[in-house]
Protein chains: 2
Amino acid sequence: MKPETRKDEIINTAAKLFKEKGYSAVTMRDLATAMGMKAASLYNHINSKQDILKVIIICIAEEFTNGMDIIISSEESNIDKLKKIVSLHVDITSHNTSGMASLNNDWMHLEDHLEYYLKLRNEYEANFLKIIKTGITASEIKNSNPEIIMFSMLTTLRSLYLWIPKKEDLNANDLANGLSQVLIDGINN
Amino acid sequence: MKPETRKDEIINTAAKLFKEKGYSAVTMRDLATAMGMKAASLYNHINSKQDILKVIIICIAEEFTNGMDIIISSEESNIDKLKKIVSLHVDITSHNTSGMASLNNDWMHLEDHLEYYLKLRNEYEANFLKIIKTGITASEIKNSNPEIIMFSMLTTLRSLYLWIPKKEDLNANDLANGLSQVLIDGINN
DNA sequence: AGATTAAACTAACAACTGTTAGTTTGGAGA
DNA sequence: TCTCCAAACTAACAGTTGTTAGTTTAATCT
């Protein structure tokens with residue numbers, strides 16, 4: 001673990017504020033107050049408000065892309081790949097809940113990096129959908145609408161940032177297992 | 001169908017803009033431009049920016065409360081109650097996708113009406129959870145973590161506003177059925 | 001002790017924010 | 001034709017926004 005630089009502190013504090021009020025509603029003066037300094041001093045460490053958002057979102061988006069690349073190139077069953085995706089989301093989200101909030105809610109304010117973000121997101125969703133469709137063809141997965149399946153899973157996983165902080169008693173493993181069970185096996189007897 | 005007043009037009013246009021950029025990032029001048037008028041003219045019809053948000057969110061929140069009240073006082077099985085909840089979300093969302101975006105993303109900017117909104121939301125979630133727990137006790141529903149079940153269903157349903165506009169070919173009934181199947185029966189063979 | 005430097009500061013900027021006051025316009029009812 | 005009124009307008013406000021320039025502070029290295 002490398003020590004947290006002042007810049008990291010600012011970015012993490014910003015992520016927390018963005019989670020609570022959204023990017024646009026957080027001012028540089030809000031951020032400065034939360035850091036115990038004046039707004040102008042922030043600029044000794046960061047380039048711009050926009051740049052903070054970029055770092056928060058793009059880093060996480062690339063984590064997801066890397067995780068998905070490992071999953072699709074593995075030799076597991078499609079159901080197991082889906083379980084790996086659930087774990088990927090639980091892991092990334094549980095060590096960066098605030099960042100996930102920004103990724104979910106403030107990506108549209110990315111400006112210069114919006115295009116790149118959307119590229120990563122589209123590729124991720126395409127890979128996700130392909131796993132589901134292959135699983136249906138292989139009769140591992142019920143022949144429901146594959147897009148509804150992906151939508152249901154992905155929106156649940158994307159909202160984990162809202163839920164993980166409220167359930168600190170549940171460790172990452174138990175949560176991933178519980179979620180896999182509910183999402184994959186259904187709920188009715 | 002009563003005709004749409006100028007005030008309604010403004011509120012609906014605002015909801016669309018709020019959906020795209022979030023409440024804080026939309027200025028009264030943005031809204032005026034979208035309406036083809038000057039910002040000051042908006043105030044002939046509405047009280048404040050804050051009041052627009054209040055109308056958008058509270059109306060929908062009360063629709064959900066009313067819908068839930070009917071469901072809990074019905075005599076159906078708990079599984080059927082869950083299916084009714086799915087339909088409730090599909091119905092409300094499909095006739096007001098923009099408003100649902102504001103409800104999901106901008107409720108924290110409600111100021112004076114925040115407390116009331118949170119009261120409605122908490123009651124709604126308590127009712128939802130009770131249906132699941134009763135269903136588990138009655139062996140209608142698998143004995144999984146009831147909160148994970150609710151979280152999974154509710155976040156999927158809350159995100160419908162993102163998805164319905166992309167799938168205009170799917171009518172409300174088919175979507176509700178497909179969702180119920182995936183959420184309740186699971187996806188694996 | 002003197003030099004260096006990271007990191008804070010004060011002061012200010014031009015642009016933008018929601019909103020108010022007072023005025024003009026154009027069409028409907030008398 | 002005259003009156004009325006909804007609904008637009010112009011002009012302005014006080015406060016807030018992200019950001020820059022230049023300065024001070026206090027600790028570290030030589």
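Letters A, B, ... are given to chains in the order of the sequence lines, protein chains preceding strands, and every chain is numbered from 1.
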Whole-Å gap separating [atom2] ([N]) and [atom1] ([X]):
| X | N | atom1 | atom2 | answer |
| --- | --- | --- | --- | --- |
| A/Leu31 | D/dT19 | CG | C1' | 14 Å |
| B/His109 | C/dG18 | NE2 | C1' | 15 Å |
| A/Ile52 | D/dG18 | CD1 | P | 10 Å |
| B/Ile10 | D/dA8 | CD1 | P | 7 Å |
| A/Leu53 | D/dG18 | CG | P | 13 Å |
| B/Asn44 | C/dT24 | CG | P | 16 Å |
| B/Asn47 | C/dT19 | CG | P | 10 Å |
| A/Leu42 | D/dT19 | CG | P | 10 Å |

Within a 6.0 Å radius of atom NZ on B/Lys84, are there more than 12 heavy atoms belonging to other residues, nucleotides or ligands?
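Check fails, neighbour count at 12 or below.
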Residue [X], side-chain atoms from C-beta onward, closest of [options]:
| X | options | value |
| --- | --- | --- |
| A/His45 | C/dA7, D/dA7, D/dG18 | C/dA7 |
| A/Met28 | C/dT10, D/dG18, D/dC9 | D/dG18 |
| A/Ala40 | D/dG18, D/dA21, C/dT19 | D/dA21 |
| B/Ala39 | D/dG18, C/dA8, C/dT19 | C/dT19 |
| B/Ser48 | C/dT19, C/dC9, C/dG18 | C/dT19 |

Spacing of B/Met100 atom CE and B/Ser159 atom OG [to the nearest 0.5 Å]
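OG of B/Ser159 is found 8.5 Å from CE of B/Met100.
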Mind checking whether A/Tyr117 and A/Trp107 have parallel, tilted or perpendicular rings, split at 30° and 60°?
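Geometry flag for A/Trp107 against A/Tyr117: parallel rings.
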Look at the rings of B/Phe151 and A/Trp163 and say which category their plane angle falls in: under 30° parallel, 30 to 60° tilted, over 60° perpendicular.
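Parallel.
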Between B/Arg29 and C/dT19, is there a side-chain N or O to OP1/OP2 distance below 4.0 Å?
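For C/dT19, neither OP1 nor OP2 has a side-chain N or O of B/Arg29 closer than 4.0 Å.
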Does B/Lys38 place a side-chain N or O at less than 4.0 Å from the phosphate oxygens OP1/OP2 of D/dT10?
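Indeed, a polar side-chain atom of B/Lys38 lies that close.
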For a quick test of reading the model, state the closest non-hydrogen atom pair linking A/Glu20 to B/Met108 and the distance between them.
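In terms of heavy atoms, the two residues are closest at O-CG, 3.5 Å.
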Residue whose closest nucleotide on DNA chain C lies nearer the 5' end, B/Asp30 versus A/Ser41:
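On the 5' side of the pair lies A/Ser41.
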Whichever of B/Tyr43 and A/Arg6 has its nearest DNA chain C nucleotide further upstream toward 5':
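Result: A/Arg6.
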